[in-house]
Amino acid sequence: MSISNVNSTVPSPDDQDLDWQAFRYISGEMSADELAAFERLLGVDQSAREAVARSVELLGQMSTVPGSTVETVRPNRHPKIFAAVMTVAALIVVCLSFATFREAPTDEPGRTLIALWSEPRDPDLLNDEPDDESDDELAAVDGADADGLTVPGWLVAALESSSDDTSEEE
Amino acid sequence: MATDEKTRLDPAAVEALYASHVTELRAFLIGVLRDGQLAQDVVQITFAKLIEVGHTAREETLKGWLFQVALNEALVVKRRKAVHQKTLVRLGALFREDTAGRLTEAETAAEVRQALAKLSNEQRIVVQMRIYENKKFNVIASELGLPLGTVLTRMRTALQNLRRELQAD
């Protein structure tokens, strides 16, 4: 038995290494060479034998708990694939952002257009009040009467000249 | 105890040695043989030899002598019979079956749950897959997409932590 086992319950690094080898031994995780070497060690080293016993005793304790009741949060089973997909998605987003940025107007005509569009509007143009003068002008052109419908003068003149032409022909 | 080479150990001494070492010796033999019944057979052979020739061993080395004799017998049995690998949970259960009454199962289970809860999630996953799902380390590494060395390190650290927690209890 090693000194650490006699004087303390805290295993020394050597004991921890033996515990790990013992666990690999009983779980069948050793190569043929490792197995032969470890069984030779068991033949001469009492602390190695005790390490095997400790590993079995630990499994005895562990076997009191059904594995299905051990709570674990499993990560994505294919993190490399997940990382690759996320990288491609990020690249697509970056490319799209870059393309949109390049389409923004940077030339002089574009800037002029934006500046014009952004200028404050003429207050008169923005005025919602009806413009009496312009309405009068329209009425004069149309010969419209505010009180009702009347035949415009230009239409009368046109009709008169047309009737004159037809009478001369007759 | 062993005052004369021709004098056998007295029954009380053998009984005391049996009480002191049988559990650990049996655990050791289950680890070597992976079989509860074979381990029990070798325990009986070993203590029969203790009665016969144990007086030839020095008192301070009697424990080592017992394990040495048991190992030699176990390796003979192992060469003669095909020893099949058991799942780790089954191996633990083989040990537990013979020590029923010494381990209070409900209390032990609560302590194990507590110890498992103190592990990191990464360590607990590896413990779950290796011990309870009986997957080899290379399969675990493949399924988790991790290097084999990372899986081995997690398992080794988890076992150290579990031992520390369960010994403390």
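Since this is a predicted model, take the numbers as computed values, not measurements. Numbers restart at 1 for each chain; the letters A, B, ... are given by sequence-line order, proteins then strands.
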Could you look at B:Leu119 and say if it's the side chain, the backbone, both or neither that has a heavy atom under 4.5 Å from chain A? neither

So, the part of B:Val32 with a heavy atom under 4.5 Å from chain A: the answer is both

Derivation of the side chain to side chain donor-acceptor pair (under 3.5 Å) call for B:Arg34 and B:Thr87: CA-CA 9 Å; B:Arg34 279 90 160 167; B:Thr87 68; over 6 Å; no

In terms of relative ring orientation, are B:Phe47 and B:Tyr18 parallel, tilted or perpendicular, with 30° and 60° separating the classes? perpendicular

With a 4.5 angstrom heavy-atom cut-off, could you sort out which part of B:Arg90 is near chain A: side chain, backbone, both or neither? neither

Less than 4.5 Å to any heavy atom of chain A: does that hold for the side chain of B:Leu116, its backbone, both, or neither? side chain

What residues of residues 33-44 of chain A sit under 4.5 Å from chain B when only non-hydrogen atoms are counted? A:Glu39, A:Leu42, A:Gly43

Stacked cation flag B:Arg26 on B:Phe95, 6.0 angstrom / 45 deg: no

Decide yes or no on side chain to side chain contact (heavy atoms under 4.5 Å, CB included) for B:Gln160 and A:Trp20, but give the supporting numbers first. CA-CA 9 Å; B:Gln160 285 171 4; A:Trp20 175 238; over 6 Å; no

With chain A, which of B:Ala27, B:Ala117, B:Ala110 has the greatest number of heavy-atom pairs at distances under 4.5 Å? B:Ala27

How close do B:Gly36 and B:Ile30 get, counting heavy atoms only, and between which atoms? CA-CG1, 4.5 Å

Around B:Lys49, counting heavy atoms of other residues, nucleotides and ligands shown, do more than 12 lie under 6.0 Å from its NZ? no

Working note: B:Lys63 + A:Glu50, criterion salt bridge (charged side-chain N to carboxylate O under 4.0 Å, His left out); need CA distance, chi angles, decisive distance, verdict. CA-CA 11 Å; B:Lys63 184 182 179 185; A:Glu50 289 172 5; 3.0 Å; yes

Qualifying residues under side-chain hydrogen bond (donor to acceptor under 3.5 Å, both in side chains), relative to A:Asp45, sequence neighbours excluded: A:Ser47

Given a strict heavy-atom distance threshold of 4.5 Å, which part of B:Gln68 is in contact with chain A: side chain, backbone, both, or neither? both

Which heavy atom of A:Gln21 sits nearest to which heavy atom of A:Met30, and what is that distance? O-CE, 3.4 Å

